[in-house]
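Just below is one structure, and these are the notes that go with it.
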Amino acid sequence: GGKDATDKVKVTLTASSGVLLDFGGEGCAIDALHDEKQRSWSTVTPDMLPGIWTAFGPEGPELVLATHGHPDHFSSGLWAQAQERWQGAAFVSPAGGGRTVNPAGLSSFSVGGIRVETRPLPHEGAEYAGTPHYGYLVECGGFTVLHAGDCAVAAAELETWLAGRSPDLAVLDFPWLTLTRGRKFTEEVIRPKHLL
């Protein structure tokens with residue numbers, strides 16, 4: 001008896017680490033709107049856009065998040081289109097115009113039934129040390145999703161933020177699994193019930 005926690009959310013990958021989260025009536029898009037090809041990273045293609053625009057029904061999602069402004073996570077053009085299409089959505093990102101709220105200084109907020117914690121996290125790679133970059137812990141209906149963006153693998157800031165909590169789902173870049181220290185940190189610190 002009883003439903004597994006994974007019945008509480010439908011996750012759709014857009015491209016790179018972009019995801020659409022459908023919590024059964026409330027929706028959130030994270031790093032899902034980018035269309036500029038970067039090296040070998042996947043990007044949203046024109047044929048994918050109709051599916052993204054309609055994924056949450058005619059009203060769109062409640063919330064649209066971007067971890068940072070790099071072009072494999074964020075496109076100002078698609079962000080502006082989303083603001084036009086999804087009039088009722090809240091937009092949170094360190095990059096972006098229009099009615100975008102910058103997560104700097106925010107620690108938590110709610111939009112409808114979605115509760116979000118956000119923290120500044122270091123971007124992977126010394127060359128990106130100055131990049132404004134945020135992680136999100138999104139909770140709805142008792143299901144929690146960690147989206148760490150391009151967080152430096154095994155960052156102490158992430159461990160401090162989680163403080164022993166384990167998300168139901170963690171969305172992590174591939175080095176978290178390909179590097180020994182990433183796997184160890186994921187297994188011992190993040191301890192997600194599910195991993196994408």
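Since the structure is predicted, the reported quantities are computational estimates derived from the model, not experimental observations.
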Item to complete: Measure the CG-NZ distance between Leu21 and Lys8 for me, rounded to the nearest 0.5 Å.
Response: 15.0 Å
Discussion item. For His70 and Tyr128, I'd like to know if the aromatic rings sit close, meaning centre-to-centre distance below 6.0 Å.
Written reply: yes
Fill in: Over 12 foreign heavy atoms within 6.0 Å of CD, Glu84
no
Worksheet entry | Evaluation steps, side chain to side chain donor-acceptor pair (under 3.5 Å), between Ser93 and Trp79 | CA-CA 10 Å; Ser93 169; Trp79 194 258; 5.5 Å; no
Discussion item. Tell me which one of Thr118, Asp150, Asp31, Thr131 satisfies side-chain hydrogen bond (donor to acceptor under 3.5 Å, both in side chains) with Thr67.
Written reply: Asp31
Practice prompt. State, with a plain yes or no, whether a side-chain heavy atom of His68 is found less than 4.5 Å away from one of Phe74.
Written response: no
Worksheet item: How are the rings of His34 and His73 set to each other: parallel, tilted or perpendicular (split at 30° and 60°)?
Response: tilted
Fill in: Residues, nucleotides or ligands: over 12 heavy atoms within 6.0 Å of Glu157 CD
yes
Worksheet entry | Closest heavy-atom pair and its distance - Thr144, Glu139 | OG1-CG, 3.6 Å
Worksheet item: Heavy atoms, side chains only, cut-off 4.5 Å: are Pro61 and Leu20 in contact?
Response: no
Discussion item. With rounding to the nearest 0.5 angstrom, report the CG to CG distance, Asp173 to Leu179.
Written reply: 11.0 Å
Worksheet entry | Check: Leu146 and Leu158 side chains under 4.5 Å, non-hydrogen atoms | yes
Worksheet entry | side-chain contact (heavy atoms from CB on, under 4.5 Å) partner of Tyr136, the single match among Leu63, Val116, Val171 | Val116
Worksheet item: Can you tell me if Arg85 uses its side chain to pair, donor with acceptor, with the backbone of Thr54 under 3.5 Å?
Response: no
Response to the item:
Between Pro132 and Pro94, the two heavy atoms sitting closest are O-CG, 3.8 Å
Item to complete: Answer with yes or no whether the hydrophobic clustering places Leu137 together with Leu196; edges join I, L, V, M, F, W, Y residues whose side-chain heavy atoms lie under 4.5 Å apart.
Response: no
Discussion item. Does any part of the side chain of Leu172, heavy atoms only, come nearer than 4.5 Å to the side chain of Leu177, both counted from C-beta?
Written reply: no
Worksheet item: Can you find a side-chain donor-acceptor pair between Ser75 and Gln81 that sits under 3.5 Å?
Response: no
Discussion item. Which heavy atom of Arg119 sits nearest to which heavy atom of Ser107, and what is that distance?
Written reply: NH1-O, 3.1 Å
Item to complete: Would you check if Ile52 and Thr14 make a side-chain contact, meaning some heavy-atom pair closer than 4.5 Å?
Response: yes
Worksheet, complete the sentence: Taking every heavy atom of Pro192 against every heavy atom of Thr186, the minimum-distance pair comes out as CD-O, 3.5 Å
Worksheet item: At their closest point, which heavy atom of Cys140 faces which heavy atom of Glu26, and how far apart are they?
Response: SG-OE2, 3.9 Å
Discussion item. For Gly27, is there any backbone N or O sitting under 3.5 Å from a side-chain donor or acceptor partner on Glu62?
Written reply: yes
Worksheet, complete the sentence: Interatomic distance, CD1@Ile114 vs SG@Cys28, rounded to 0.5 Å, equals 5.5 Å
Worksheet item: Are Val153 and Phe185 connected in the hydrophobic side-chain network, where two residues link if heavy atoms are under 4.5 Å apart?
Response: yes
Discussion item. I'd like to check the ring-ring contact (aromatic ring centres under 6.0 Å, His included) partners of Phe56; sequence neighbours left out, ordered by chain and number.
Written reply: none
Item to complete: May I ask you to say whether Arg165 pairs ionically with Glu117, meaning some side-chain N is under 4.0 Å from a carboxylate O?
Response: yes
Worksheet item: Got Trp176 and Ile190 here, is their nearest side-chain heavy-atom distance under 4.5 Å?
Response: yes
Worksheet item: For the residue pair Gly142 and Asp168, what are the closest heavy atoms and their distance?
Response: O-OD2, 3.6 Å
Worksheet item: When the ring planes of Trp53 and Trp86 are compared, do they come out parallel, tilted or perpendicular, using 30° and 60° as the limits?
Response: perpendicular
Worksheet entry | Within-4.5 Å side-chain heavy-atom neighbours: Ile30 and Val138 | yes
Worksheet item: Are any of the side-chain heavy atoms of Tyr134 and Leu106 separated by less than 4.5 Å?
Response: no
Fill in: Hydrophobic cluster identity match, Phe109 and Leu121, side-chain contacts under 4.5 Å
no
